[in-house]
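Heads up, the thing below is written out as structure tokens.
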Amino acid sequence: MRINTNVSSLTAQDAAQNTSKSITGSLEKLSTGLRINKASDDASGLAIADKLRTQATSINQGITNGNSAVSLLQIADKSMAEQSNILDTIKAKLIQANTDTTSADGRESIRKDIVKLLEQLDNIAEQTNYNGNVLLQTSASDTNASSALAFQIGESKNDVIKNNAIQSNTNGLGGGAIAITSGGVAAATGSNVIAQGASMEVKEKVGGDMVFKTAVGTDTGSTGQTEKLQVSGVIDSVTNATGAMTISDVDTETAKVLDAIVAASGASGGLTGSASAGYTLASGTKLDLGGLNVSKMTLTTSASDNGITLNSTATDTVKVKNLDKTTDGNVYITGGDIKGGDLLSSLAALTEGQLTKTTADKFQNIIDNALTDLNGYRGDIGSTQNQVESAVRNLMTQATNVKAAESIIRDVDYAAESANFNKQNIISQAGAYAISQANAVQQNVLKLLQ
């Protein structure tokens, strides 16, 4: 028998320490409600649970973004609803002006009222904002179209819902689509066409380029087809599709710019020639005019697949006239969302005595076009709002399920853990008894020494 090393006591103490650690861990879990309080509790479980928690946090922020987006869209919609009321009132006043029972003085009073109403329409576009972001135009001082709205509603950067740009002011409403009947411009098989000898005016262009072709869609490849367009206005660029295109009958300032382009790059730039002999733009070449204000320029092309593309981002009027066409006499227009005709700004600009019976008749159609534009914006907002609300409902379901998945991994099961705590507590008491008995056994050595 040995007394220097009480092996039985040491074994009991070691077991008691392990039990004490287990009790401490169990109490931590019971007090925090978490099964995983540190990485050592469950390393892989912690990694999964943390990822699920981040996912749930991101989804919840997406839900918040969605609810904010709904508020923003409702603000824009309600503001445009008031603008719609204004246009309804103006339409009624124009009808009132378009009758012989209204005197000249009466029409002048109507004009003043209309000008004030359109001023308020612009005020609404200027003042409507969410958190400082103007919604119905670029900014409080810029009447161009607003930027397209984009809302991240989800955990991924790609979970974005977009709403189209809006220009709900007198510079953006009215005009109508290019399919206007005045000036020989009319709708044709889902596209637009300029009859031979007719001209059109584009007050505003939204979207892509204006593409002028001899036929809608794929060309038949027949020979002898030509396009001859006379253009004027602020032109950013001219692009030639296939085959050489000639540029002639240009004004002095435009000739100076074209001569400079020829001198700078020559044939390598795609443009050759001179003002007197005419210029030639090579096939597939884009001629950058940098927003040049052209008073007159004639573009002529003849190829199996014709196509002249004009681009103008300015709000100034761009005029295009179909001078000659040898097939059916028409030039078809495809490309961007092009607006032609007068805008509401033309009505707002009427001065004293300019609102006549004829003018009132003309501007009723413009108000109708403005209402169509406005309803298009509102319809887009409504569709976007429905999409956002659907996304939010889906995210709420996802958030619930993700939190449930995290709970299974991270949260403690109180029934199981309390049973484990009671077990460890009993073991701890038994261990204390074992230590005391191990110490008592050593007393038997004394009997050998008596």
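What's counted below: heavy atoms across the whole structure, side chains too, no hydrogens, waters or symmetry copies.
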* **Donor-acceptor under 3.5 Å (T102 side chain, Q96 main chain)** => yes
* **N60 and T64: CA distance, side-chain angles, deciding distance, side-chain contact (heavy atoms from CB on, under 4.5 Å) verdict** => CA-CA 6 Å; N60 286 328; T64 302; 5.6 Å; no
* To the nearest 0.5 Å, how far apart are CG in D122 and CD1 in I86? -> 9.5 Å
* Asked: Which of these passes side chain to side chain contact (heavy atoms under 4.5 Å, CB included) with L87: D368, L371, D373?
  -> L371
* Any sub-3.5 Å donor-acceptor pair from N164's side-chain atoms to D380's backbone N or O? -> no
* Donor-acceptor pair, side chain of Q120 and main chain of L117, under 3.5 angstrom -> no
* To do: Scan side-chain atoms only and decide if Y377 and D77 contain a donor-acceptor pair under the 3.5 Å cut-off.
  => no
* Asked: Got a salt bridge between R35 and D42, using NZ or NE/NH1/NH2 to carboxylate O under 4.0 Å?
  -> yes
* Asked: Is there side-chain contact between K112 and V115, with at least one heavy-atom pair below 4.5 Å?
  -> no
* Salt-bridge criterion met for D251 and K296 (N-O under 4.0 Å) -> no
* Is the shortest side-chain N to carboxylate O distance from K91 to D88 below 4.0 Å? -> no
* Asked: Side chain of R53, backbone of E406: donor and acceptor closer than 3.5 Å?
  -> no
* **Heavy-atom pair of closest approach, residues E126 and A140** => CG-O, 3.2 Å
* To do: Mind listing the closest non-hydrogen atom pair of N240 and L281 along with its distance?
  => ND2-O, 3.2 Å
* **Side chain proximity check, L287 to T239, heavy atoms < 4.5 angstrom** => no
* Can you name the nearest heavy-atom pair linking I161 to A391, along with the distance? -> CD1-CB, 3.9 Å
* What heavy-atom pair brings S58 and E155 nearest, and what distance separates the two atoms? -> CB-CB, 3.7 Å
* Once you round to the nearest 0.5 Å, how far does CD1 of I166 lie from OG1 of T138? -> 11.5 Å
* Worked verdict on T280 versus M245 for side-chain contact (heavy atoms from CB on, under 4.5 Å) -> CA-CA 6 Å; T280 300; M245 181 176 75; over 6 Å; no
* Is there a donor-acceptor contact under 3.5 Å from the side chain of T254 to the main chain of V250? -> no
* Asked: Between the side chain of Q83 and the main-chain N/O of S168, is any donor-acceptor distance below 3.5 Å?
  -> yes
* To do: Indicate whether any N or O donor in one side chain lies under 3.5 Å from an N or O acceptor in the other, for N311 and S237.
  => no
* Beyond-backbone contact of V231 with K319, side-chain heavy atoms, under 4.5 angstrom -> no
* To do: Quick one: closest heavy-atom pair of I36 and I409, and the distance?
  => CD1-O, 3.6 Å
* Do the side-chain N and O atoms of T351 and Q354 include a donor-acceptor pair separated by under 3.5 angstrom? -> yes
* To do: Could you check if a side-chain atom of N171 sits within less than 4.5 angstrom of a side-chain atom of Q137, using non-hydrogen atoms only?
  => no
* To do: Kindly determine whether T128 and S79 satisfy side chain to side chain donor-acceptor pair (under 3.5 Å), including the steps that lead there.
  => CA-CA 7 Å; T128 301; S79 294; 3.0 Å; yes
* Any chance you could lay out the side-chain contact (heavy atoms from CB on, under 4.5 Å) test for K321 and L229, step after step, and finish with the verdict? => CA-CA 6 Å; K321 185 175 182 179; L229 303 178; over 6 Å; no
* **Side-chain donor/acceptor of S383 to backbone N/O of G379, under 3.5 Å** => yes
* Might you point out which heavy atoms bring L347 and I90 nearest each other, and give the distance in Å? => CD2-CG2, 4.0 Å
* Structure fact -> Between the OG1 atom in T89 and the CG atom in N85, the distance rounded to the nearest 0.5 Å is 6.5 Å
* **Polar side chain donor-acceptor pair, S71 to S68, under 3.5 angstrom** => no
* **side-chain contact (heavy atoms from CB on, under 4.5 Å) between V160 and F151, worked out** => CA-CA 5 Å; V160 175; F151 315 108; 5.9 Å; no
* Short side-chain to backbone donor-acceptor contact, N65 and Q152, under 3.5 Å -> yes
* Test side chain to side chain donor-acceptor pair (under 3.5 Å) applied to S31 and E28, step by step -> CA-CA 5 Å; S31 62; E28 182 182 29; over 6 Å; no
* Asked: Do the non-hydrogen side-chain atoms of T246 and Y279 ever get within less than 4.5 Å of each other?
  -> no
* Asked: Can you tell me if N169 uses its side chain to pair, donor with acceptor, with the backbone of T143 under 3.5 Å?
  -> yes
* Just checking, any donor-acceptor pair under 3.5 angstrom between side chains of N131 and N133? -> no
* **Any side-chain heavy-atom pair of D41 and L46 under 4.5 Å** => no
* To do: Please report the C-alpha distance between E417 and N420 in whole Å, then the side-chain angles of each, then the deciding distance to 0.1 Å, and finally whether the side chain to side chain donor-acceptor pair (under 3.5 Å) criterion is met.
  => CA-CA 5 Å; E417 194 57 45; N420 179 58; 3.2 Å; yes
* **Test item: D259 and K256 side chains (from C-beta on) under 4.5 Å apart, heavy atoms** => no
* Asked: Heavy-atom distance under 4.5 Å between the side chains of L289 and M297, does that happen here?
  -> yes
* Could D113 and K93 be called an ion pair, given the rule that one side-chain N must be under 4.0 Å from one carboxylate O? -> yes
* **Heavy-atom donor-acceptor pair, S84 side chain to M80 backbone, under 3.5 Å** => no
